[in-house]
Structure formats: C-alpha cells, structure tokens
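Only a predicted model underlies this, so the values are computations on that prediction, with no experimental measurement involved.
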Amino acid sequence: MSTALNLIGSILFVMIGFFSYLQSLKISNKDWRELAMISSLIFIVFGLSTYIYLTISH
C-alpha cells in the first residue's frame, strides 16, 4: 500500500514539475525564468528517480 502511495507521489512530483516548467516559459525576466526552470527540473528529476527506484526495487 505504501509503495502505491509513493508511486503516486512520484508521479505527482513529475506532473508538478512539468506544469511549472510550462508556466516558467511565460516569465519575461530571464533570471527568474531560468530559476523557475531549474526548480521545475529538480521536481521532474526527483519524481522520475523516485519512480524508477520504486519500480526496480519491487
């Protein structure tokens, strides 16, 4: 049960990162846009690495 919740959580991290990346493309200031892109990519990488770890380990 907890593995299923962790998988759902990792997918949510990827979705949040993806949508925040799309929103960061609308920012006009270059510095803030790059910061938003980096933070959204961190969400995506963390979610994907958690998802891969959980699917390999079980």
Side-chain angles (χ1 to χ4, degrees):
M1 180 66 181
S2 66
T3 304
L5 291 176
N6 287 334
L7 286 174
I8 292 171
S10 64
I11 291 171
L12 284 176
F13 269 115
V14 172
M15 290 175 56
I16 290 170
F18 179 72
F19 288 123
S20 66
Y21 184 81
L22 290 179
Q23 293 297 318
S24 70
L25 295 175
K26 299 177 184 177
I27 298 174
S28 60
N29 188 341
K30 183 183 176 191
D31 294 332
W32 286 108
R33 181 174 58 234
E34 289 176 355
L35 182 64
M37 285 180 175
I38 290 170
S39 62
S40 61
L41 289 175
I42 289 171
F43 270 99
I44 293 171
V45 168
F46 178 73
L48 285 177
S49 63
T50 305
Y51 181 77
I52 291 170
Y53 171 74
L54 289 172
T55 54
I56 289 175
S57 66
H58 286 83

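Here the CD1 atom belonging to I52 is positioned 12.0 Å from the OG atom belonging to S57, to the nearest 0.5 angstrom. Here the straight-line distance linking atom CD1 of I11 with atom CG of L54 works out to 10.0 Å at 0.5 Å rounding. The CG atom of N6 sits 10.0 Å away from the OH atom of Y53 when rounded to the nearest 0.5 Å. Separation of atoms OG (S20) and CD1 (I44) is listed at 6.5 Å; rounding is to 0.5 Å.
Of all the heavy atoms in S28 and R33, the pair that sits closest is O-NH1, 3.6 Å. The two atoms that bring I27 and A36 nearest to each other are CD1-CB, 3.9 Å, heavy atoms only. The minimum heavy-atom distance between L48 and V14, with the atom names listed, is N-CG2, 3.6 Å. Scanning both residues, S10 and G47, for their nearest heavy atoms gives CB-O, 3.4 Å.
Only one option out of F43, F18, Y51 pairs with F13 in a ring pair (Phe, Tyr, Trp, His ring centres under 6.0 Å); it is F43.
Under the 4.5 Å side-chain heavy-atom criterion for Ile, Leu, Val, Met, Phe, Trp and Tyr, I56 and L5 are members of distinct hydrophobic clusters.
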